[in-house]
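Order of listing sets the numbers, starting from 1, for every ligand and every atom in it. These numbers come from a predicted model, not from an experiment.
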Amino acid sequence: MSDRNRGNAGDFSDRPPAIFASLPALIVDWYRKNRRRLPWRETVSPYRTLISEIMLQQTRVEAVKPYFDRFLSLFPDVAALACADDDLLYKAWEGLGYYSRARNLKKCAREIVDRFGGVIPSSYSDLLSLPGIGPYTAGAVAAFAYGEPVAAVDGNVLRVTARITAETGDVLLPAVKNRLTALVSSLVPDDAPGDFGQGLIELGALICLPNRPPKCDLCPVRALCQGYEKRIAGTLPVRGKKAERKRDRRTVLVVRSGTRTLLHKRPARGLLAGLWEFPNFSGGFSEKEALDAVRAFGLEPLRVVPLEPSKHLFTHIEWQMTGYLILVGEPDLPLPDGFVMPETEDLLSRYAIPSAFSAYTRRLREPLPRQ
Ligand code: ADE
């Protein structure tokens, strides 16, 4: 391992260095005075914490806010989520992205019903045994909702602790991540595990900012921050380069017949599993290829209008899309398996279409071009 990767923040697996002894009280005190009012903090329950923490993975607080209460009113408890209708579930998640989170939440709720009598378990290890729940979420539910003295270390907390300890190793390396997690674990105060854990997250959101210089002049732990003392806080955390996304050119067909629009259900496994989509194909199709594809569905094209290109980033893939609006006659044969042609109004209100297609979904709100 290179020196850079090994880092220099010491081994915290035993006891925290004395220098950090006052950190928990400073964080807890600052959090209680400065925390934002957020929907999942107004009333705390294990279910509310579970839902909010899953929603907050890879998603900004501001983006989650409008979804949280709506989701809770549709699925008010574990039992309701365990038997959620998939289309309704995905519709409630539409726009949040990373739909496997919603699918796993339902699986998780089912297991909570089957294995824990419908009560979300309080122990870290039971939580970790549930589908879709990793170390961070298990720690968050145990600490924030049940007051268990365990750590919840996400990307925010890694950034904050890398700066506080002047950690110059790559925080994506397991050895470095484990070291920082061990430090946080050793510092969790028995009397306020939730406020400590959320305090570290809040410090990361309000003061120790990502991709921007930290606001050290406002920081409650500046006096013990090693990154501040060494004047390197703004250069941390060090993160190795992620693998480049694979580029996938696709052609999206928005096929409309009067007041109806053609949709296809994606396979049950893989990217965007089980969600609805506009029919789409690998490659950049010419108009002729697009029309041939529509004929292969048993539909008769009447008019084709090229649509604007658009792009969507998934974690590992980038879709570079071109699109065609294709007006077709009334379908006179049953549609192929997996295809439906609902009323466009219904499609917009009831079918979950991933935001990867939003440039094309938007087109459905516009009047049809004249034939
Ligand atoms: N990010 C992850 N968990 C959070 C929480 N509980 N509050 C605010 N931001 C968060």
Is the count of non-hydrogen atoms from other residues, nucleotides or ligands lying under 6.0 Å from Lys177 atom NZ greater than 12?
no
Between Arg41 and ligand 1, does any nitrogen or oxygen pair lie at a separation below 3.5 Å?
yes
Under 4.0 Å from ligand 1, counting heavy atoms only, is it the side chain of Val61, its backbone, both or neither?
side chain
Starting from atom 3 (N) of ligand 1, what is the nearest protein heavy atom, named by residue and atom, and what distance separates them?
Glu53 OE1, 2.8 Å
Nearest-0.5 Å distance, CG of residue Asp217 to NZ of residue Lys215
9.0 Å
Value rounded to 0.5 Å, distance of CE in Met55 from CG in Leu50:
10.5 Å
Measure the distances from the heavy atoms of Gln57 to every atom of ligand 1 and state whether one is below 4.0 angstrom.
no
Can you label the angle between the Phe297 ring and the Phe339 ring as parallel, tilted or perpendicular, going by 30° and 60°?
tilted
Atom CZ of Arg245 with >12 non-hydrogen neighbours under 6.0 angstrom:
yes
Has ligand 1 got any nitrogen or oxygen that is less than 3.5 angstrom from a nitrogen or oxygen of Tyr136?
yes
Please confirm whether Gln198 comes within less than 3.5 Å of ligand 1 when only nitrogen or oxygen atoms on both sides are compared.
yes
Ignoring hydrogens and geometry beyond distance, is a side-chain donor-acceptor pair present between Gln58 and Arg101 at under 3.5 Å?
no
Just need the protein heavy atom nearest to atom 4 (C) of ligand 1, so name the residue and atom and give the distance.
Leu56 CD1, 3.4 Å
At what distance is the nearest protein heavy atom to atom 1 (N) of ligand 1, and which residue and atom is it?
Ile201 CG2, 3.8 Å
For Asp337, I'd like to know if atom CG has over 12 heavy atoms of other residues, nucleotides or ligands within 6.0 Å.
no
Can you find an N or O of Arg36 that's nearer than 3.5 Å to an N or O of ligand 1?
no
